[in-house]
Amino acid sequence: MLAARVWRALYDFCRTEYGRHLDSGRELGLTPGDLKALMLLEPGQPQAMRALADRWSSDASTVTWLIGRLEEHGLAERRAHATDRRVRVVVLTEQGEQVRRTLLDQLYRPPAAFAKLSRSELRALSKLVLGD
């Protein structure tokens with residue numbers, strides 16, 4: 001079936017490209033979990049640990065462990081909440097924001113295979129993917 005073959009090829013392509021993203025994190029000493037946590041933290045937006053656990057569909061101990069790993073790398077830090085000192089919030093450090101930007105730039109860089117596509121093929125792909 002053509003649809004299944006095309007889907008498999010797209011899935012394999014995306015998995016390969018995601019591997020490139022994981023390699024970028026690995027070069028910085030980040031595990032896939034570290035990388036995911038870093039990408040899910042929004043620069044300039046302190047987030048409560050409990051909110052992160054809920055948002056990431058994870059338990060509090062896993063979030064604590066992941067944030068601890070980011071702290072070890074100097075990418076995030078825990079602080080007291082501005083109005084409720086019982087609550088700990090997580091913020092990206094300046095270094096964390098820079099690493100996140102660099103990783104996102106690498107992730108969103110079009111793969112080499114796209115350079116082989118003609119302008120009309122890219123337009124057709126855009127129409128299929130984005131509905132343009």
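Since we're looking at a predicted model, the values are computed, not measured.
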Verify same cluster id: Val99, Tyr108 (apolar side-chain graph, 4.5 Å) = yes

For His81 and Asp84, the nearest pair of non-hydrogen atoms, with its separation, is CB-O, 3.0 Å

Under 6.0 Å from the CH2 atom of Trp7, do we count more than 12 heavy atoms belonging to anything else shown?
-> no

Should Leu22 and Phe13 be counted in the same cluster of Ile, Leu, Val, Met, Phe, Trp and Tyr side chains packed under 4.5 Å apart?
-> no

Ion pair Arg20/Asp23, N-O distance below 4.0 Å | no

Give the minimum heavy-atom separation between Pro43 and Arg100, together with the two atoms involved.
-> CD-NH1, 3.6 Å

Sidechain-backbone polar pair: Thr62 side chain, Ser58 backbone, donor-acceptor under 3.5 Å = no

For the side-chain contact (heavy atoms from CB on, under 4.5 Å) test, which of Leu41, Leu28, Leu70 pairs with Leu75?
-> Leu70

So, Glu77 side chain and Leu92 main chain: donor-acceptor pair closer than 3.5 Å or not?
-> no

Keeping the roles fixed (side chain from Glu121, backbone from Ser118), state whether a donor-acceptor pair exists under 3.5 Å.
-> yes

Can you find a pair of side-chain heavy atoms, one from Glu42 and one from Gln47, that are under 4.5 Å apart?
-> yes

Minimal heavy-atom distance between Thr93 and Gly74, with the atoms involved, is OG1-O, 2.6 Å

Sub-3.5 Å donor-acceptor pair from the side chain of Ser24 to the main-chain atoms of Leu103, do we have one?
-> no

Run the side chain to side chain contact (heavy atoms under 4.5 Å, CB included) check on Leu35 and Thr31 step by step: do they pass?
-> CA-CA 6 Å; Leu35 197 55; Thr31 67; over 6 Å; no

Do Leu38 and Met49 belong to the same hydrophobic cluster, where Ile, Leu, Val, Met, Phe, Trp and Tyr are linked whenever their side-chain heavy atoms lie under 4.5 Å apart, directly or via other members?
-> yes

Kindly work out whether a path of hydrophobic side-chain contacts (I/L/V/M/F/W/Y, heavy atoms less than 4.5 Å apart) joins Leu107 to Leu30.
-> yes

Using side chain to side chain donor-acceptor pair (under 3.5 Å) as the criterion, point out the one residue from Glu94, Gln95, Arg101 that pairs with Gln98.
-> Arg101

Single-linkage hydrophobic cluster Leu104~Val91, side-chain heavy atoms < 4.5 angstrom | no

For the pair Ser126 (side chain) and Leu122 (backbone), establish whether a donor and an acceptor sit closer than 3.5 Å, ignoring hydrogens and angles.
-> no

Has the side chain of Arg69 got a donor or acceptor atom that lies under 3.5 Å from a matching backbone atom of Asp34?
-> no

